[in-house]
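Notes follow once the structure below has been shown.
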Amino acid sequence: MRLDKLLANMGYGTRKEVKQLLKQKGVTVDGDVVKDSSMHVDPEVQEVSVFGERVDYTEFIYLMMHKPPGVISATEDNVDKTVIDLLDPLAQHFKPFPVGRLDKDTEGLLLITNDGQLSHNLLSPKKHVPKTYYAKIDGEVTQSDIEAFKQGVELDDGYVTKPGELVILSSGPRSEIELTIQEGKFHQVKRMFESVGKKVTYLKRLSMGSLVLDESLELGDYRELTEEELKSLIN
Ligand code: URA
């Protein structure tokens, strides 16, 4: 990879700005000052430093975001802010994208990465990756809803869902529940409740596969996955 591309990818500025760094003799490769921005380097074996600070080159970025309401799970949008707009420029350099979609008004766990293979594995219907949601429901959620979700319910387009595991946290005219599903149809949780005559008034994703929302993240905040989180997601 070209040295200027590597440094630009790692957030050291535009290629033009990187050229300036090289001019200032700020960049070394294996300890030697380099001035040629087109030099090819192998970040796996060569040690690149900027003003003495080692550049830890990584190709992939893995972020956990606590998605806030009001932003779109997409890389760009003509009208609304996207989850990518919430990232700092350093993270945006990696051209990450959200793994799957949460509705604009849904909050909670969102994985953001540029690892297409991982994204594919997590979203593939064949992999049955469970996703758990917390929701507030207008209406009394009952044992018969638990049974219905266990059997699978028919959505407005005729699709019959795979079994979902519904846990009632509190029941009354307004109920609180947790629902685990292994699919990701459009508006699935909201439509499942519609099919039993109830309305989701608040929805938050708590987990996806082994990845659990870090509740210490404020709405709109994000952090890199820990090594353990990443390992268990990949395995
Ligand atoms: N189900 C929904 O209805 N909305 C979401 O955002 C996620 C799952």
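Predicted, not measured: the structure shown is a model, and the values here were computed from it.
Looking at D80 and K104, a side-chain N of the basic residue comes within less than 4.0 Å of a carboxylate O on the acidic one, giving a salt bridge. A salt bridge is absent between D157 and K185: the closest approach of a Lys/Arg side-chain nitrogen to an acidic carboxylate oxygen does not fall below 4.0 angstrom. Ion pairing of K204 with E215 is present here, as a side-chain N (NZ or NE/NH1/NH2) and a carboxylate O approach within less than 4.0 Å. The pair K199-E194 does not meet the salt-bridge criterion, since no charged nitrogen lies less than 4.0 angstrom from a carboxylate oxygen. One finds no salt bridge joining D4 and K16 here, because no Lys/Arg side-chain nitrogen approaches an Asp/Glu carboxylate oxygen to under 4.0 Å. Contact check on E76 versus K81 returns no salt bridge, with no Lys/Arg side-chain nitrogen under 4.0 Å from an Asp/Glu carboxylate oxygen. One finds no salt bridge joining K19 and D36 here, because no Lys/Arg side-chain nitrogen approaches an Asp/Glu carboxylate oxygen to under 4.0 Å.
Across all non-hydrogen atoms, the minimal contact from Y12 to E17 is O-CB, 4.5 Å.
Within a 6.0 Å sphere centred on NE2 of H120, other residues, nucleotides and ligands contribute 12 heavy atoms or fewer. E147 CD: more than 12 foreign heavy atoms inside a 6.0 Å radius. For R174, the CZ atom sits in a loose shell: 12 or fewer heavy atoms of surrounding residues, nucleotides or ligands are nearer than 6.0 Å. Residue E165 places its CD atom among 12 or fewer non-hydrogen atoms of other residues, nucleotides or ligands, all under 6.0 Å distant.
The shortest side-chain heavy-atom distance between P96 and T113 does not fall under the 4.5 Å cut-off.
Paired with T106 under the rule side chain to side chain contact (heavy atoms under 4.5 Å, CB included), one option of H187, K190, R101 passes, and it is K190. A side chain to side chain contact (heavy atoms under 4.5 Å, CB included) with M65 is found for one member of L219, L87, L102, I84 and no other, namely L87.
Here the side chain of Q92 pairs no donor or acceptor atom with the backbone of D88 at under 3.5 angstrom. Side-chain atoms of R191 come within 3.5 Å of backbone N or O of F186 as a donor-acceptor pair.
Note: the hydrophobic cluster containing M1 also contains F94 (ILVMFWY, side chain heavy atoms under 4.5 Å, direct or indirect links).
Y202 shares a hydrophobic cluster with Y134, V167, L169, L206; the chain of contacts runs through ILVMFWY side chains whose heavy atoms sit under 4.5 Å apart. Here L123 sits in one hydrophobic cluster together with F60, Y62, M64, V99, L109, L111, L118, L122, V129, M208, L211, L213, L217, L225, L230, L233, I234; the rule is ILVMFWY side chains under 4.5 Å apart, joined directly or through other members.
Donor-acceptor pairing under 3.5 Å is lacking for the side chains of H66 and D214. There is no side-chain donor-acceptor pair under 3.5 Å between E140 and S175.
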